[in-house]
Student: 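Can you keep this structure in mind? I'll have questions shortly.
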Amino acid sequence: MSSQKGNVSRSRGQKHQNVVAFKNDKYGATVQVKKAKSKTHDGLCQHCKDVLEWKVKYNKYKSLTQSRKCVKCSQKTVKDAYHVICKPCSLQLEICCKCGKKEDIVVPAIAQVDKKEEEEADSGERTKGRRQGKNDMKDLDSDDDDDDDDSDFGDDVEDFNDDHTKPKRKEKKSDVLPDLSPVKLKD
């Protein structure tokens, strides 16, 4: 019995207790565990956030495979597991995405959207810089072609230039694929 009749509090501690805490990646983390650990639970109240963190910690979190319908706008826009309200509706109504109560949102969904936009902007600048570097290299190569100082090196340079200016032979499909015209198929 957990307690005596009429006595709601127990006088002793838990009888069986684990010596070592549970680890959800004890035998190597699977893809699902890695995704669940890296997921940030935004747009939730403190209680719902704690519930989802418990599910992740004890390997009970199951991610969504398909989008679910939002209970507010009735569109398939809910992309997170255990959520019933989509993020735009949650932001507009200022309610928790999981329980739907109007409580303090711990990590607002706006912060995640802003972070993604910043990352996209940073990645755009990185690729832009790389493209500029490639263009600069092309400009440098074109400057070398304009110079006629190659006469100092003699015939070796002419042989080198001849090798690179030859067009590569493109193979036709008929050369690569075998001829199947003599093969007869029965109906």
Side-chain angles (χ1 to χ4, degrees), residues 1-139 173:
M1 301 261 302
S2 60
S3 60
Q4 299 170 343
K5 187 176 183 182
N7 188 8
V8 252
S9 62
R10 273 190 356 185
S11 57
R12 64 172 180 83
Q14 186 176 345
K15 189 172 188 178
H16 300 287
Q17 193 167 7
N18 294 337
V19 177
V20 181
F22 177 79
K23 293 181 185 176
N24 61 0
D25 59 351
K26 183 177 181 180
Y27 300 108
T30 62
V31 176
Q32 289 92 359
V33 171
K34 287 179 184 177
K35 283 183 182 178
K37 276 186 169 181
S38 66
K39 176 121 180 72
T40 56
H41 304 289
D42 55 336
L44 300 173
C45 62
Q46 184 63 47
H47 174 73
C48 294
K49 185 173 187 271
D50 292 339
V51 168
L52 290 183
E53 286 174 353
W54 180 91
K55 284 182 181 284
V56 169
K57 184 177 179 182
Y58 292 106
N59 222 8
K60 301 292 182 186
Y61 186 87
K62 305 294 178 217
S63 59
L64 271 183
T65 55
Q66 293 180 344
S67 300
R68 294 181 63 190
K69 268 190 181 178
C70 173
V71 296
K72 298 294 180 185
C73 64
S74 299
Q75 294 180 355
K76 282 198 165 192
T77 52
V78 179
K79 307 228 185 310
D80 295 323
Y82 306 103
H83 290 210
V84 292
I85 301 169
C86 63
K87 292 191 180 178
C89 291
S90 172
L91 285 172
Q92 185 180 13
L93 301 170
E94 297 178 359
I95 55 177
C96 174
C97 291
K98 187 174 179 292
C99 64
K101 294 179 183 174
K102 200 168 192 135
E103 295 185 15
D104 292 334
I105 306 301
V106 180
V107 181
I110 296 174
Q112 294 297 325
V113 173
D114 292 340
K115 189 183 285 187
K116 286 180 183 177
E117 289 175 359
E118 288 175 9
E119 288 174 4
E120 288 174 3
D122 291 341
S123 64
E125 290 173 6
R126 289 182 196 144
T127 56
K128 193 175 186 180
R130 288 181 188 151
R131 288 185 188 135
Q132 283 179 342
K134 287 183 180 179
N135 289 338
D136 292 341
M137 292 301 291
K138 287 180 183 177
D139 292 340
K173 287 184 180 178

Student: Roughly how far apart are K98 NZ and H83 NE2, rounded to 0.5 Å?
Tutor: 8.0 Å

Student: Run the side-chain contact (heavy atoms from CB on, under 4.5 Å) check on K37 and N24 step by step: do they pass?
Tutor: CA-CA 10 Å; K37 276 186 169 181; N24 61 0; 3.4 Å; yes

Student: Taking the side chain as C-beta and beyond, is there a heavy-atom pair between V107 and H41 under 4.5 Å?
Tutor: no

Student: Check whether any side-chain heavy atom of V84 lies under 4.5 Å from a side-chain heavy atom of V78, and answer yes or no.
Tutor: no

Student: Short question: side chain of D104, backbone of Q46 - any donor-acceptor pair under 3.5 Å?
Tutor: no

Student: In plain terms, say whether K87 and D42 are close enough for a salt bridge, that is, a side-chain N and a carboxylate O under 4.0 Å apart.
Tutor: yes

Student: Using a cut-off of 6.0 Å, state whether more than 12 heavy atoms not belonging to K72 lie near its atom NZ.
Tutor: no

Student: Nearest 0.5 angstrom please: T77 OG1 to K69 NZ, how far?
Tutor: 11.0 Å

Student: Within the 4.5 Å heavy-atom criterion, are V71 and I85 side-chain neighbours or not?
Tutor: yes

Student: Return the minimal non-hydrogen interatomic distance between D80 and L64, and the atom names on each side.
Tutor: O-CD1, 3.3 Å

Student: Which atom pair, heavy atoms only, marks the closest approach of V106 to P108?
Tutor: O-CD, 3.6 Å

Student: Taking 4.0 angstrom as the limit, do E53 and K57 come out as a salt bridge?
Tutor: no

Student: Considering all heavy atoms of both residues, which atom of C70 and which atom of C89 are nearest to each other, and what is their separation?
Tutor: SG-SG, 3.9 Å

Student: Give, for atom CG of N59 and atom OG1 of T30, the distance between the pair rounded to the nearest 0.5 Å.
Tutor: 7.0 Å

Student: Contact between L52 and L44 at the side-chain level, heavy atoms closer than 4.5 Å - yes or no?
Tutor: yes

Student: Could you report the tightest heavy-atom contact between S67 and K79, atom names first, then the distance?
Tutor: OG-NZ, 3.7 Å

Student: In Å and rounded to the nearest 0.5 Å, what is the SG to NZ distance from C97 to K49?
Tutor: 13.5 Å

Student: Kindly check if the number of other-residue, nucleotide or ligand heavy atoms within 6.0 Å of OH (Y27) is above 12?
Tutor: no

Student: Less than 4.5 Å apart, side chain to side chain, heavy atoms only: is that true for Q32 and Y61?
Tutor: no

Student: Could you check whether any side-chain N or O of Y82 sits under 3.5 Å from a backbone N or O of K62, counting only pairs where one atom can act as donor and the other as acceptor?
Tutor: yes

